[in-house]
Amino acid sequence: MDKLNKYRTIIKKFLTEQVQGNSLDEDIETEIVFDQEREPYLLIDLGWQKHQRIYNCVIHLEIKNEKIWIQRNQTDLPISDRLIAEGVPPQDIVLGLQPAYVREHTGL
């Protein structure tokens, strides 16, 4: 399996695992959004909580320039650790949710 297909598979597996058994409320759905052409991978909560609309991007990952960019992580999960455990080298993970001057000190 080539590198990009491997990364796509790892991301899809990870996001799918996060959805299983993870319901905030019966009126709130968790959706996974994949677009293999542009490479964003999103986990989104949406629905209604009483009279309030819920729409929240929980996790946003992208594949850009053969690297996995973590653009948003609204969970307690250490996503980079999970990616590394699945075989993604640290140099192929970019913490896009951090400013560039912070990224250089993360080891990713």
Side-chain angles (χ1 to χ4, degrees):
M1 177 180 319
D2 72 20
K3 182 177 176 175
L4 290 180
N5 282 329
K6 177 182 174 184
Y7 289 178
R8 288 178 187 125
T9 300
I10 289 169
I11 291 170
K12 288 178 185 180
K13 177 183 171 203
F14 170 73
L15 293 178
T16 301
E17 288 171 357
Q18 301 317 303
V19 171
Q20 295 172 349
N22 187 20
S23 177
L24 295 174
D25 185 299
E26 65 185 40
D27 295 327
I28 300 174
E29 300 175 46
T30 301
E31 290 188 356
I32 302 171
V33 180
F34 301 142
D35 179 352
Q36 285 187 205
E37 183 178 326
R38 292 175 205 83
E39 302 287 4
Y41 299 86
L42 308 169
L43 188 69
I44 298 171
D45 287 334
L46 68 138
W48 289 91
Q49 195 169 45
K50 296 187 181 183
H51 301 288
Q52 182 178 0
R53 177 70 173 156
I54 302 296
Y55 182 88
N56 181 40
C57 178
V58 180
I59 298 173
H60 178 172
L61 305 175
E62 289 182 351
I63 299 175
K64 296 189 328 186
N65 301 320
E66 297 190 359
K67 295 180 186 275
I68 298 175
W69 285 66
I70 301 172
Q71 301 289 20
R72 183 172 179 93
N73 181 9
Q74 293 297 111
T75 72
D76 294 333
L77 301 170
I79 295 175
S80 57
D81 291 350
R82 272 297 292 281
L83 295 173
I84 292 168
E86 291 289 333
V88 178
Q91 65 268 19
D92 281 0
I93 300 171
V94 179
L95 298 177
L97 49 82
Q98 296 287 343
Y101 66 88
V102 173
R103 286 184 225 148
E104 63 188 50
H105 302 290
T106 66
L108 300 173

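We count residues from 1, following the sequence as given. FYI, side chains are in, hydrogens and waters are out, and symmetry mates aren't considered; it's all heavy atoms of this structure. All of these numbers come straight from a predicted model, not from anything done at the bench.
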- Step by step, work out the side-chain contact (heavy atoms from CB on, under 4.5 Å) result for Val94 and Ile70. CA-CA 6 Å; Val94 179; Ile70 301 172; over 6 Å; no

- Message: With rounding to the nearest 0.5 angstrom, report the CG to CD distance, Asp45 to Gln74.
- Response: 10.5 Å

- Query: Salt bridge between Lys67 and Glu62, side-chain N to carboxylate O under 4.0 Å?
  - Reply: no

- Item | Lys64 vs Arg38 side-chain heavy atoms within contact, under 4.5 Å | no

- Kindly indicate whether the side chain of Ile63, heavy atoms from C-beta on, has any atom under 4.5 Å from the side chain of Leu4. yes

- Note on the structure: On a heavy-atom basis, the closest approach of Glu86 and Ile10 is O-CD1, 3.5 Å

- Task: Give the intermediate values and the outcome of side chain to side chain donor-acceptor pair (under 3.5 Å) for residues Lys13 and Gln18.
- Result: CA-CA 9 Å; Lys13 177 183 171 203; Gln18 301 317 303; over 6 Å; no

- Rounded to the nearest 0.5 Å, what's the gap from CG on Asp2 to CD on Glu66? Could you check? 8.5 Å

- hydrophobic_cluster_shared for Leu42 and Ile79, side chain cutoff 4.5 Å: no

- With the side chain counted from C-beta on, respond yes when Lys12 and Glu17 share a heavy-atom pair under 4.5 Å apart, and no when they do not. no

- Item | Within 6.0 Å of CG in Asn65, more than 12 heavy atoms from elsewhere | no

- Message: Closer than 3.5 angstrom, by distance alone: can the side chain of Asn73 be matched with the main-chain N or O of Leu77 as a donor-acceptor pair?
- Response: yes

- Query: Would you call Glu39 and Arg8 a salt bridge, taking side-chain N to carboxylate O under 4.0 Å as the test?
  - Reply: yes

- Do the side chain of Arg72 and the main chain of Cys57 share a donor and acceptor less than 3.5 angstrom apart? yes

- Item | Full working for side-chain contact (heavy atoms from CB on, under 4.5 Å) between Ile28 and Trp48 | CA-CA 6 Å; Ile28 300 174; Trp48 289 91; over 6 Å; no

- Is the shortest heavy-atom distance from the side chain of Ile54 to the side chain of Gln49 under 4.5 Å? yes

- Query: Does a side-chain heavy-atom distance below 4.5 Å link Trp69 with Ile93?
  - Reply: no

- Message: Restricting to side chain to side chain contact (heavy atoms under 4.5 Å, CB included), what partner residues turn up for Tyr55, sequence neighbours left out?
- Response: Ile44, Leu46

- Task: Report yes if the side chains of Leu61 and Ile59 come closer than 4.5 Å at any heavy-atom pair, otherwise no.
- Result: yes

- Task: With sequence neighbours excluded, tell me which residues meet ring-ring contact (aromatic ring centres under 6.0 Å, His included) with Tyr41.
- Result: Phe34

- Check ion pair Lys3-Asp92 (N to O, under 4.0 angstrom): yes

- Pro40 side chain reached by Val33 side chain, heavy atoms, under 4.5 Å: no

- Query: Any donor and acceptor pair, going by atom type alone, linking the side chain of Arg103 with main-chain N or O of Gln98 inside 3.5 Å?
  - Reply: yes

- Apply side-chain contact (heavy atoms from CB on, under 4.5 Å) to Thr30 and Val58, showing your working. CA-CA 9 Å; Thr30 301; Val58 180; 5.9 Å; no

